[in-house]
Structure formats: C-alpha cells, structure tokens
Asks: 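Handing you a structure now.
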Amino acid sequence: MPELPEVEALREFLDEHLVRREIARVVPVAVSVLKTYDPPPSALEGAAVTAVGRHGKFLDIAVLDISAGGGLHLVTHLARAGWLRWKDDLPAEPPRPGKGPLALRVALADGAGFDLTEAGTKKSLAVYVVRDPADVPGIARLGPDPLADDFGRDRFAELLHGERRQLKGALRDQSLIAGIGNAYSDEILHAAKMSPFKPVANLSEDEITVLYEALRATLAEAVERTRGVAAGRLKAEKKSGLRVHGRTGEPCPVCGDTIREVSFSDSSLQYCPTCQTGGKPLADRRLSRLLK
C-alpha cells in the first residue's frame, strides 16, 4: 500500500506536472471507484489545476471551477493495490469498462494525463469529487500529519496518553496519526528497537522520545529518498529502502540476525528479534507475551 512517503512523492510529481494545466476529461472506468456523485466528474472538465495536496494517504488535486465561482477537489485514496500511472501522451480512444486494472482516467487538454489503476480482485481504490476535502469521511477523521512542522515530541506524547493498544496498531491508526501503514510502522519500530506488541501505556518518557525521533527520521528519510523519482519507479524505490518490512528470512542490516514474520489474516509484520524483542521470536500475536 502506498503510504505517506510515496503519496508525498506523487504529490510533488503531480504538482510539477499538473498545476496550471486544464483538465479535458475525467472518465471513471471501474463502477466501484467513484464514491461521490455531486458534483459529477464532468464538473472538473475545462477547469485548471491550481494545486496538489496531500492529507495522510489521500491525494488532493484542486481545480478552479470558474462556472461555480469556487474550487473543486479530485481526491483519491490508492488503497492497498492502487497506483497512479502518468502518460505524456494518452491514447486518443476513450477507455472501455472491463476486467482490467484501469479504474479512472484523467485527460488533460494538451494530450497528457494519468490513469488510476488497481491490481487484484478486491477493489478498494476510491475517488471523490468534492467542494471541500473535509467532505471526504476518511480525511475528516485523520489525525495530525507526522511530518508537519507543529508535530513535536510533546504533541506526540499527548496523542499516546491514555492509549491502550500495542505500538503496531496505534501507529497504523489513521485517526491517531495520518499516513503510516503496515510497512513504515515496521520500519519505525525497528529503528526505535521496540517490539510491535509493546503496549503504548508501558512506554517511559524516554521511550516516547526515542519512538518520536525514529518516526520522524524514518518518514523524513523515505520522503527524501523518493523525491524526484518518477511515478513509475516509486514502488521499486520504496521496496529498496525498507530494512525489515517484506524481508522475512534476510539478515537484519543492523545486527545480522534473521528477520522474522508474524502473519495475520490479511497482512503480516516483520521485525528483528535481536534489535526489538531481546532475541526472542514472537510466535503469534494472540499468544505472545513479549511486551518489552
């Protein structure tokens, strides 16, 4: 799933390629992709893009709607298997609905544009056309952005106060902190040398500081690593920069121990026993008592 660093890289890419260009057509191809109907996608046609923003894992393309005397927003969440594919020259013929990965096409007046695609049979990619990004329920529920200038250590500590979950689940909660998913929560916890199953309530003040610094550094480094990378290469760049996530069986780059995995029904986590759990493997999330 694209997370904060990849979505931020897409935002920067689109900001460079879309702003001041006119949208000619917005064509939903997959029946399930469009989550709003008023305004319709056709309301974006003929409008110029004014900015590209990000809210957690949501991309926000803002346009100037001259006819309505205000602005509109094309907002998308790429979900687990979605992606954005930029093309300098889109095909002239309109896309046809089918069983392929194409979910939505945005064509610019000069012939360029992009496709939103989604692999697999489970379709979760979502597109919204709204007058205010806050009209998107997922955005309205978002917690603060962890790379915002005002997201300091004390703000982080306030968010964790009273939290009763384990670290892994808390970091992935978009209503607590926006933009962190399965991959970067693994990376943050590895950098902080903490078990994914450690209860948030058990963190000392010093550990909160360590976790905060690991969070900021991990995300900032990932954003910097993806800066300037073309949209088509971002997935490969993400994988190459991960230290533990998706690397089960490989040596830990810090200590050399074998990276291990805990599997769930629809996901898995990776960790280093030596760095994070005192050398003891986590057998199962429900059975584990390794909470240190």
Side-chain angles (χ1 to χ4, degrees), residues 1-9 56-57 143-149 151-157 159-160 163 165-174 176-227 229 234-235 237-262 267-282 285 288 290-292:
M1 176 184 289
E3 300 180 32
L4 186 156
E6 294 77 48
V7 178
E8 176 61 18
K57 302 177 191 177
D145 191 295
L147 289 184
D149 292 340
F151 188 82
R153 186 269 181 203
D154 290 344
R155 176 68 173 128
F156 182 59
L159 293 172
L160 298 183
E163 179 61 56
R165 288 173 293 183
Q166 296 167 339
L167 286 176
K168 175 78 174 180
L171 289 176
R172 293 185 63 188
D173 182 354
Q174 300 304 294
L176 186 70
I177 302 171
I180 301 171
N182 195 33
Y184 286 105
S185 57
D186 282 352
E187 297 298 299
I188 290 165
L189 291 169
H190 179 255
K193 299 185 182 299
M194 295 181 186
S195 167
F197 298 155
K198 183 181 181 72
V200 174
N202 287 5
L203 291 174
S204 68
E205 289 298 315
D206 287 345
E207 287 175 324
I208 291 174
T209 299
V210 169
L211 184 59
Y212 169 76
E213 292 175 349
L215 182 153
R216 292 276 288 195
T218 298
L219 295 178
E221 289 168 6
V223 168
E224 189 60 34
R225 193 170 59 246
T226 57
R227 181 159 286 138
V229 176
L234 281 172
K235 284 187 177 182
E237 179 59 38
K238 175 182 180 178
K239 291 180 180 178
S240 69
L242 298 176
R243 293 188 168 194
V244 292
H245 184 79
R247 299 193 179 278
T248 303
E250 298 181 22
C252 170
V254 174
C255 72
D257 194 2
T258 300
I259 294 170
R260 294 179 180 261
E261 175 178 310
V262 177
S267 65
S268 63
L269 65 82
Q270 285 78 41
Y271 69 99
C272 170
T274 294
C275 290
Q276 296 174 254
T277 60
K280 299 178 182 179
L282 301 171
R285 186 181 71 88
S288 176
L290 296 175
L291 301 179
K292 294 182 181 181

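Just so you know, these numbers come straight off a predicted model, no measurement behind them.
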Asks: Can any side-chain N or O of Glu187 pair as donor or acceptor with the backbone N or O of Val244 at less than 3.5 Å?
Replies: yes

Asks: List the residues meeting side-chain hydrogen bond (donor to acceptor under 3.5 Å, both in side chains) with Arg243, not counting sequence neighbours, and say none if there are none.
Replies: none

Asks: If I compare all heavy atoms of Thr218 with all of Ala214, which pair ends up nearest, and what's the gap?
Replies: OG1-O, 2.7 Å

Asks: For Glu261, give me all partners under side-chain hydrogen bond (donor to acceptor under 3.5 Å, both in side chains), at least two apart in sequence or on another chain.
Replies: Thr248, Ser263, Gln270

Asks: Show the nearest heavy-atom pair for residues Pro5 and Thr226, with the distance to one decimal.
Replies: O-OG1, 3.6 Å

Asks: If we check side chain to side chain contact (heavy atoms under 4.5 Å, CB included) with Phe197, which of these qualifies: Thr277, Leu189, Leu167, Leu269?
Replies: Leu269

Asks: Given the rule in the side-chain contact (heavy atoms from CB on, under 4.5 Å) test, do Leu176 and Glu163 qualify, once you have shown the distances and angles that lead to the verdict?
Replies: CA-CA 10 Å; Leu176 186 70; Glu163 179 61 56; 4.2 Å; yes

Asks: Would you check if the side chain of Arg247 reaches a backbone N or O of Leu242 as a donor-acceptor pair within less than 3.5 Å?
Replies: yes

Asks: Residues two or more places apart in sequence or in another chain: which of them pass side-chain hydrogen bond (donor to acceptor under 3.5 Å, both in side chains) with Thr274?
Replies: Asp257

Asks: Mind checking whether Thr258 and Pro273 have side chains closer than 4.5 Å, heavy atoms only?
Replies: no

Asks: Once rounded to the nearest 0.5 Å, what's the spacing between atom NE2 of His190 and atom OG of Ser195?
Replies: 12.5 Å

Asks: Can you tell me how far the CG atom of Leu215 sits from the CD1 atom of Ile208, to the nearest 0.5 Å?
Replies: 13.0 Å

Asks: Does any N or O in the side chain of Gln174 come within less than 3.5 Å of the main-chain N or O of Gly179, such that one atom is a donor and the other an acceptor?
Replies: yes

Asks: Rounded to the nearest 0.5 Å, how far apart are CG of Leu219 and CD of Glu3?
Replies: 8.5 Å

Asks: Could you tell me if the side chain of Tyr271 sits less than 4.5 Å from the side chain of Arg260, heavy atoms only?
Replies: yes

Asks: For residues Ala178 and Gly56, report the shortest heavy-atom separation together with the two atoms involved.
Replies: CB-CA, 3.8 Å

Asks: So do Ile188 and Met194 actually touch side chain to side chain, heavy atoms under 4.5 Å?
Replies: no

Asks: Can you sort out the partners of Tyr184 under side-chain hydrogen bond (donor to acceptor under 3.5 Å, both in side chains), two or more places apart, ordered by chain and number?
Replies: Glu6

Asks: For Lys168, check salt bridge (charged side-chain N to carboxylate O under 4.0 Å, His left out) against everything at least two apart and list the hits.
Replies: Asp186

Asks: Going through the distances and angles, do Asp145 and Phe151 end up as a side-chain contact (heavy atoms from CB on, under 4.5 Å)?
Replies: CA-CA 7 Å; Asp145 191 295; Phe151 188 82; over 6 Å; no

Asks: Taking all non-hydrogen atoms of both residues into account, name the closest pair between Lys57 and Gly181 and its distance.
Replies: NZ-CA, 3.6 Å

Asks: Kindly give the heavy-atom pair with the smallest separation between Lys193 and Cys275, and that separation in Å.
Replies: CB-O, 3.2 Å

Asks: Going by the salt bridge (charged side-chain N to carboxylate O under 4.0 Å, His left out) test, which pairs reach into residues 199-214, not counting sequence neighbours?
Replies: Arg153-Glu205, Lys198-Glu207

Asks: I need the Asn202 CG to Gln166 CD distance, nearest 0.5 Å.
Replies: 10.0 Å

Asks: To check you understand the geometry: which heavy-atom pair defines the closest contact between Leu203 and Leu160, and what is its length?
Replies: CD1-CD1, 4.1 Å

Asks: Once you round to the nearest 0.5 Å, how far does CG of Asp173 lie from CD1 of Ile180?
Replies: 10.5 Å

Asks: Roughly how far apart are Ile177 CD1 and Phe156 CZ, rounded to 0.5 Å?
Replies: 5.0 Å

Asks: Check for a donor-acceptor pair, side chain of Gln276 on one end and backbone N or O of Cys272 on the other, with a separation under 3.5 Å.
Replies: yes

